[in-house]
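Data block below; observations after.
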There are 2 protein chains.
Amino acid sequence: MLTEERQQLIRDQLAADGKVLAGELASRFGVSEDTVRRDLRELAKAGQLRRVYGGAVASAPFAAATISQRSGHAVEAKARLARAAVMLLEAGQSLFIDGGTTNEAIARAIPRDKELTVATNSLGVAAALADLPLVKLIVLGGRYLPDLGTCVGGDTLAAIAQLGADLFFLGSCGLDVSRGITAFDSAEAEVKRAMAQNSAGIVIAATSDKLATAAPYRVAGSDAIRHLVVEKTAPAAVLADFQRQGAEIHFA
Amino acid sequence: MLTEERQQLIRDQLAADGKVLAGELASRFGVSEDTVRRDLRELAKAGQLRRVYGGAVASAPFAAATISQRSGHAVEAKARLARAAVMLLEAGQSLFIDGGTTNEAIARAIPRDKELTVATNSLGVAAALADLPLVKLIVLGGRYLPDLGTCVGGDTLAAIAQLGADLFFLGSCGLDVSRGITAFDSAEAEVKRAMAQNSAGIVIAATSDKLATAAPYRVAGSDAIRHLVVEKTAPAAVLADFQRQGAEIHFA
DNA sequence: CCGTTTCTTGCATGATCGTGCAAAACATGC
DNA sequence: GCATGTTTTGCACGATCATGCAAGAAACGG
């Protein structure tokens with residue numbers, strides 16, 4: 001095993017998980033912890049990660065903001081949803097991706113060799129895509145909402161109006177068959193509506209706790225959903241309702 | 001076995017696996033490791049691979065290093081500059097901050113209890129400020145440039161035109177008394193010009209290696225600089241020139 | 001406060017590297 | 001065929017690098 005190779009794998013895991021453990025890396029590579037620590041020290045010196053007791057965390061200028069989310073509770077479920085969701089992507093497509101932790105997971109799951117054009121109003125999604133060489137990234141600016149991690153406002157809407165996308169990954173929303181897709185913020189809902197209008201199909205990846213819930217601001221009807229990516233634990237009755245509205249169900 | 005033939009096989013394996021081991025190649029070709037090393041050295045000289053201890057790895061074809069990969073340079077000096085630069089800030093001010101690792105350091109150095117309005121086209125700066133509760137953050141969207149970490153384009157300019165700022169922190173530029181402030185990218189220069197036009201004062205925090213250098217695209221004359229934050233090692237003659245142009249010098 | 005884990009530092013060891021040199025293989029001209 | 005010059009290859013040497021181990025320091029958790 002080459003030193004270089006090991007350090008690359010560390011970078012990869014850091015990009016995927018946001019953190020690494022010294023002991024775990026040592027056993028995975030079959031080297032002593034000292035060697036791993038040396039690698040971590042070098043990478044830290046190069047600014048590629050931040051050393052912490054027991055391992056290291058991503059320091060990549062942006063990543064820090066998303067760390068707390070990656071250690072949240074439903075991380076595993078969201079990562080599974082993300083892996084299933086990226087399988088819907090085809091090379092050369094244009095995407096809208098809005099905010100939410102699930103969408104950030106999807107952005108992180110996009111493989112390095114996929115050629116895409118992505119427009120997003122989420123800082124977390126943008127940060128995840130910034131280093132992918134084959135992704136043309138368009139940031140949709142505007143007033144930043146700290147709660148949601150997204151940008152909203154007139155500028156955002158104007159920028160969206162000039163773009164079109166094949167798929168729109170819609171996140172951080174309530175999802176109910178009769179009430180449709182609903183958002184938690186009025187300005188955020190406006191942005192989602194604009195994105196929906198300028199895209200050919202809506203994709204929603206939802207953890208089970210989001211199904212059959214609703215928020216104050218309506219974005220679109222349930223029939224607007226083209227692809228619905230859900231966990232295996234999702235209640236079949238609810239899924240059947242969405243399916244009747246025209247959604248294609250994908251299990252993670 | 002011909003030399004050419006061997007080197008072609010090395011290229012092939014590199015394309016397939018991404019790495020090769022010197023010892024393994026030697027036994028596979030039935031030649032000494034010295035010969036293999038010679039081959040590797042030649043290929044490395046031709047830029048077809050990158051030599052590492054124990055073998056070689058594929059040279060990154062996406063060689064245009066993104067900003068997050070370059071972030072490890074002169075971290076200490078930049079942090080010192082950043083601490084000095086934030087002392088120029090007063091509560092309630094509006095700022096433009098553009099890209100560059102120094103500006104990212106400045107953004108990270110802004111204290112949590114400072115109330116500010118910040119508009120930035122840099123993802124790194126935005127990520128650093130996203131968590132500060134008292135900072136009203138406006139993201140200036142547009143086409144994202146991976147090597148600079150900033151957004152540029154017509155949308156960016158339009159958004160800037162609607163804003164005004166007390167101070168403009170201008171980064172990633174060349175700095176020369178006679179040639180003025182210069183940028184490395186044409187679109188990036190346009191953005192800087194727009195920000196300069198809509199702000200009351202320009203602040204530049206520059207490591208010593210940026211002083212007395214110039215880039216292709218002109219942004220503004222040296223006399224536009226209001227505050228210049230430099231290291232203690234900065235050559236006094238150059239500083240005096242800037243001072244004569246009206247800049248206030250601050251040492252980190 | 002103490003025990004445990006993790007980290008850094010210094011050091012010994014083995015692997016790998018570059019260089020100089022000589023032998024072998026090869027091409028070239030007569 | 002033979003002599004000469006060039007290229008390639010293998011080997012020996014000292015230098016460099018990566019790794020693991022040990023000892024002391026620091027950080028963590030109770």
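Numbers restart at 1 for each chain; the letters A, B, ... are given by sequence-line order, proteins then strands. No experiment lies behind these values; they were computed from the predicted model shown.
Taking atom CD on B/Glu24 and atom P on C/dT16, their separation rounds to 12 Å, with Å as the unit. Taking atom CG on B/Leu40 and atom C1' on C/dT19, their separation rounds to 17 Å, with Å as the unit. Summarising the geometry, the separation between CG on A/Leu21 and P on C/dC7 is reported as 10 Å, rounded to the nearest angstrom. Between the CG atom of A/Leu2 and the C1' atom of D/dC17 there is a distance of 13 Å, given to the nearest Å. With rounding to whole Å, B/Asp39 atom CG is found 10 Å from D/dG10 atom P. We find that CG of A/Leu25 is positioned 14 Å from C1' of C/dT6, with the value rounded to whole Å. Look at CD on B/Glu33: it is 12 Å from P on C/dG18, rounded to the nearest Å. When the P atom of C/dG20 is taken as reference, atom CZ of B/Arg37 falls 16 Å away, rounded to whole Å.
Residue B/Val36 is classed as having no contact, given no heavy-atom separation below 4.0 Å to the nucleic acid.
You'll find a donor-acceptor pair under 3.5 Å spanning the side chain of B/Arg38 and the base of D/dG10, going by distance alone. Applying the 3.5 Å distance criterion, the base of D/dC11 shares a donor-acceptor pair with the side chain of B/Asp34.
Proximity of A/Arg51 to the phosphate of D/dA26: no side-chain N or O atom is located under 4.0 Å from OP1 or OP2. Look at B/Thr35 and you won't find any side-chain N or O under 4.0 angstrom from OP1 or OP2 of D/dT9. A close approach under 4.0 Å does occur between a side-chain nitrogen or oxygen of B/Arg41 and OP1 or OP2 of C/dG18.
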Q: Determine, stepwise, if the pair B/Glu188 / B/Ser172 fulfils side chain to side chain contact (heavy atoms under 4.5 Å, CB included).
A: CA-CA 10 Å; B/Glu188 172 83 4; B/Ser172 64; 4.0 Å; yes
Q) Under the side chain to side chain contact (heavy atoms under 4.5 Å, CB included) criterion, do B/Tyr144 and B/Leu123 qualify, and how do the steps go? A) CA-CA 9 Å; B/Tyr144 178 75; B/Leu123 274 192; 3.5 Å; yes
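Comparing D/dA26, D/dC21, D/dC11 by their closest approach to the side chain of A/Tyr53 singles out D/dA26. Of the candidate nucleotides C/dC17, D/dT8, D/dG20, D/dT8 has the atom lying nearest to any side-chain atom of B/Thr3.
The only option from A/Ile138, A/Leu137, A/Leu140, A/Val139 that meets the side chain to side chain contact (heavy atoms under 4.5 Å, CB included) definition with B/Cys151 turns out to be A/Val139. Between A/Leu14 and the choices A/Leu43, A/Val20, A/Leu40, the side chain to side chain contact (heavy atoms under 4.5 Å, CB included) rule is met once, by A/Val20.
Aromatic ring pairs are classed by plane angle as parallel below 30°, tilted from 30° to 60° and perpendicular above 60°; the pair B/Phe96 and B/Phe168 is perpendicular.
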